[in-house]
2 protein chains.
Amino acid sequence: MVDVARQAGVSLKTVSRVINNEAGVHEGTAARVHEAVSRLGFRRNDVARNLRRGLSTASIGVLVEDIAHTACSALTWAVEQAAREHGHLVLVGSSDQDPVRERELFSAFVSRRVDGLIIVPAGDDHRYVAREMLLGTAAVFVDRPSGRIAADAVLSDNAGGARAAVDHLLAHGHRRIAVVGERPGIYPIRERVAGYRAALTKAGIAVDERLIRVDRAREGFTDRIALDLLEGDDPATAVVTLSNLMTVAMLRTIRREGRRVALVGFDDFESSDLIEPAVTVVAQDPMALGRTAASLLFARLAAESRSIERIVLPTRLITRGSGEIPPP
Amino acid sequence: MVDVARQAGVSLKTVSRVINNEAGVHEGTAARVHEAVSRLGFRRNDVARNLRRGLSTASIGVLVEDIAHTACSALTWAVEQAAREHGHLVLVGSSDQDPVRERELFSAFVSRRVDGLIIVPAGDDHRYVAREMLLGTAAVFVDRPSGRIAADAVLSDNAGGARAAVDHLLAHGHRRIAVVGERPGIYPIRERVAGYRAALTKAGIAVDERLIRVDRAREGFTDRIALDLLEGDDPATAVVTLSNLMTVAMLRTIRREGRRVALVGFDDFESSDLIEPAVTVVAQDPMALGRTAASLLFARLAAESRSIERIVLPTRLITRGSGEIPPP
DNA sequence: CTGAAAGCGCTTACAG
DNA sequence: CTGAAAGCGCTTACAG
C-alpha cells in the first residue's frame, strides 16, 4: 500500500479510501490510485485489515467427522452457501472421530480467530469449547449434542426415525425385528436403539435382547451376525440397519443366502432405488442440518445475547420395496 | 498479550518467549506467565503473528466445483491430510461450475493470503491466476488443466479410460457401441469422447456419429436418447456412460424396457456392485488426485523455482457384470 | 477533498 | 535471562 501511495503521489489514507470505495475522493486522484494499483498488482491484505478493524475475520470453521463422508460434505456445502450470503469464508477440518484431533483443530481455528464454528463432535467433553465461547467465539453443534456444556445444537430425530422404521415393519406383520449397527457409543446410534425399543414396547412386544446387535465393527462382524439372526428356531424376519455400511453388508448376506427378509436402512444413499428390491430407508437431511446450524451460528454472531437453542429436524421414511416384504 | 504481561509483571517479549516455547526464560518467570495466560484465557492471535512474521499464513485454499460431490469431497479430504502434515489449515469454496464465482472465491482466498490454492477449474481463462502466481501465490490445477496460462496440473487419464471401456466392449463382441454424456464442453468429457473415437478407429470400426450422444442435459434427455439408441434398425448393443448420472439414468431405462445392453460407466459409485447386474466402471481415484496435487503444491511452496509439471493419473476398469453382457 | 499520527496483536533485532 | 523500540499492512480518529 505504501508503494501504491508513492506511485500515485498520495497518502496512505487516500489509497485506503480508494480501494475501499469510500466517498469523497477526487476523481482524478482516484484514477491515479487505481492505475498504481493495477500497475503494481496491489491487492488489499485482508489479514491486516481484519486485524486493525479488530472484529471479525469473516471466516467460520466447520469441524466434521470426515469431509469425505457424504453427509459431512453435504452439510459443509450448505454451510458454505450460508457463509457466502454473509460474506464469510469457510475453513474445514476432519476430526476422524478422534477427540484429540478435534480439539487440535478447534484450537487452530480459534487461534486463527474464526468468528464461529460448526462442530460435528467426536468427543464427549467440550468444556474447552465453553472457555472460548465465553471469550466471544460462537459454536453450534450438529448431529450430536455438546458434552458437559450448554450450547446450540441441531440434531436429527434419530429416535423418531427408528420408531417409524419399526412401526412400518410392524404394520407389515413383522414381530421378529432385529436391529444391527456399529459404534454403539455415539449419540445417534443410542437414540436409534432407544427408538427401536420404544416402538416395540408401545406395540406390546417384549424386546428380545438377542435381536439387538449393535457393537463395534470387526472383521466379518456383520456377516456372522446376519447369519445368527436369520438362522435358528425363531429367526428375525425383518432388520433395521443403523448405517449405510450395515445396510449394504446385510443386503449382501441376505442375497447370498437367498433369504427373503424385510429391511429398513438408516440413511438414504445414491442408487438405493436401483438395487433389487429397492431399499426402504429412513432419510436424514444433512443439507438441512448444515443450513439450520449456519443460520443459528450467524444469528448468534449478530446478536450478543440469545438463549441456547436445540433444534431437532425430522427424518423421513422412504418406502421402496425392501421394507414392505411380508414375513414368511 | 499486554494484559498477560501486566498480570505476570514481565515485558511483552517475555510473554512472547513463553507462549512460543523459546529457550532461555527463567523457570519461575515462565510459571508466572503461564499462570497469567490461563487466568486470562489468553490465546495467541495467529493472525497478528503471521502478519508480523510476514511469510506464510499456513493455510491453503481448495476451490472445487461442488464440495457436496463425492469426487470433490474425497479430493478435499486428501488435501486436508497433506495440509495437516505440513501444519496448514484448509479453506474450501465451491464454484458451482461458475467461472465468475470461481474468480470471486479465488480473489477472496488470495486477499486472505493463503499460501497456495488447489483448483478444480470451472472457467477456461486463468490469466487472473497467473498474475497472483507472479506475486507469490502457488496454484495447482486438478482434474482439468488451466486455461491460457502455464501451471501445474494433475489430471486423470480420461482418454485412456474411455479407450479401455471401448476395448473391453469390443473384446466382448460389440460393434455398435454408443457413448452418452452431458456437459460436452468440459475437458474430461472431451477427452473421453476422443478416447472413444480413438479406440473404435484403432479397431477399424467407422465411428457412427449417431451413436455419440453427448449434450447438455435436458428434461427427459437421457430417457429419450436411450430409447433412440436401443431402437431402430441398427441399435446400439453397448453403451459407455460418461457420468454417474448418465449411468443411473441409462440403467433405469434399460431395466424398464427389459433390454439386455452392455454398459460401462464412468466413475465408480457406492453400491455399484449391489445392482443387478453389477456395474462395470472406469474408476478414477479422486483421493490420489488430491494427494498428488497437494504434494505438488507443497513442493512448490518449499522450492522457489520448479519447472511446471503435468501429472496424469491412470484410471482403472473394474469389471462387475454389466460390461460383460454379450451382444444379442 | 486529503493527510499525519496512532494503533490492531504480535515478532524481530538489538541492547543490557 | 529480560526488555524497549520498531514494524508487519492495514484502518481509525482527528486535523486541515
Side-chain angles (χ1 to χ4, degrees), chain A residues 1-34 36-37 40-59 87 107-115 132 135-137, chain B residues 1-34 36-37 40-59 87 107-115 132 135-137:
Chain A
M1 207 158 116
V2 169
D3 298 337
V4 173
R6 189 177 310 138
Q7 174 86 223
V10 297
S11 76
L12 268 183
K13 176 60 210 175
T14 299
V15 176
S16 175
R17 281 195 184 93
V18 173
I19 61 180
N20 292 307
N21 290 316
E22 281 174 40
V25 178
H26 194 88
E27 213 172 90
T29 318
R32 284 213 313 285
V33 172
H34 276 131
V37 163
L40 268 45
F42 170 81
R43 159 162 247 135
R44 185 181 66 196
N45 184 334
D46 282 357
V47 174
R49 178 170 207 247
N50 290 329
L51 175 63
R52 181 56 243 250
R53 301 180 82 198
L55 347 121
S56 158
T57 54
S59 60
S107 184
F109 284 167
V110 173
S111 288
R112 301 300 181 96
R113 295 296 191 269
V114 293
D115 297 329
E132 302 300 334
L135 271 54
T137 307
Chain B
M1 208 159 114
V2 169
D3 298 336
V4 172
R6 189 177 310 137
Q7 175 87 223
V10 297
S11 76
L12 268 183
K13 175 62 211 174
T14 299
V15 175
S16 175
R17 282 195 183 92
V18 173
I19 61 179
N20 292 308
N21 290 315
E22 281 174 41
V25 179
H26 195 84
E27 214 171 88
T29 317
R32 284 214 312 288
V33 172
H34 277 130
V37 163
L40 269 45
F42 171 81
R43 159 160 246 137
R44 185 180 67 197
N45 184 334
D46 282 357
V47 173
R49 179 172 206 246
N50 289 330
L51 175 63
R52 178 60 242 250
R53 301 179 81 198
L55 344 122
S56 160
T57 54
S59 60
S107 184
F109 284 168
V110 172
S111 288
R112 300 298 181 95
R113 295 298 191 268
V114 294
D115 297 331
E132 303 301 332
L135 270 53
T137 307

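Note on naming: letters A, B, ... go to the chains in the order of the sequence lines (proteins, then strands), and numbering restarts at 1 for each one.
- Nucleic acid contact class of A:Val2 (heavy atoms, under 4.0 Å, all strands): none.
- You'll find that the side chain of B:Lys13 is closest to C:dA13, out of D:dC10, C:dC10, C:dA13.
- No side-chain donor-acceptor contact under 3.5 Å links A:Asn50 and A:Arg113.
- Taking 3.5 Å as the limit, the base of D:dT2 and the side chain of B:Arg17 contain a donor-acceptor pair of atoms between them.
- Regarding contacts with the backbone of C:dC8, every side-chain N or O of A:Arg53 stays at 4.0 angstrom or more from both OP1 and OP2.
- Between A:Val18 and A:His34, the closest heavy-atom pair is CG1-NE2, 3.5 Å.
- Donor-acceptor pairing under 3.5 Å, judged by distance alone, is absent between the side chain of B:Arg52 and the base of D:dG9.
- Residue-level contact check: A:Asn20 touches the backbone only, with heavy atoms under 4.0 Å from sugar-phosphate atoms and none from bases.
- Between A:Arg43 and B:Ser107, the side chains place a donor N or O and an acceptor N or O closer than 3.5 Å (distance only, hydrogens not considered).
- C:dA15 is paired with D:dT2 under the Watson-Crick or G-U wobble criterion, all donor-acceptor distances under 3.5 Å.
- OP1 and OP2 of C:dC1 both lie 4.0 Å or more from every side-chain N or O belonging to A:Thr14.
- The nearest whole Å value for the distance from the CZ atom in B:Arg6 to the C1' atom in C:dG9 is 14 Å.
- Under 4.0 Å is where a charged nitrogen must lie from a carboxylate oxygen, and between B:Arg6 and B:Asp3 at least one such pair does.
- Remark: P of D:dC8 and CG of B:Asn45 are 18 Å apart, rounded to the nearest angstrom.
- For the pair B:Glu22 CD and D:dG3 P, the computed distance is 14 Å after rounding to whole Å.
- Atom CD1 in B:Ile19 sits about 8 Å away from atom C1' in C:dC10, given to the nearest Å.
- Residues B:Arg32 and B:Ala8 come closest through the heavy atom pair NE-O, 3.0 Å.
- Comparing C:dC8, C:dT2, D:dC10 by their nearest atom to the side chain of A:Leu51 picks out C:dC8.
- Atom pair A:Leu12:CG and C:dA4:P shows a separation of 9 Å (rounding to whole Å applied).
- Remark: A:Arg49 is in phosphate contact with D:dT11, judged by side-chain N or O atoms under 4.0 Å from OP1 or OP2.
- OP1 or OP2 of C:dC1 has not a single side-chain nitrogen or oxygen of A:Thr29 nearer than 4.0 Å.
- Within the 4.0 Å cut-off from OP1 or OP2 of C:dT11, at least one side-chain nitrogen or oxygen of B:Ser16 is found.
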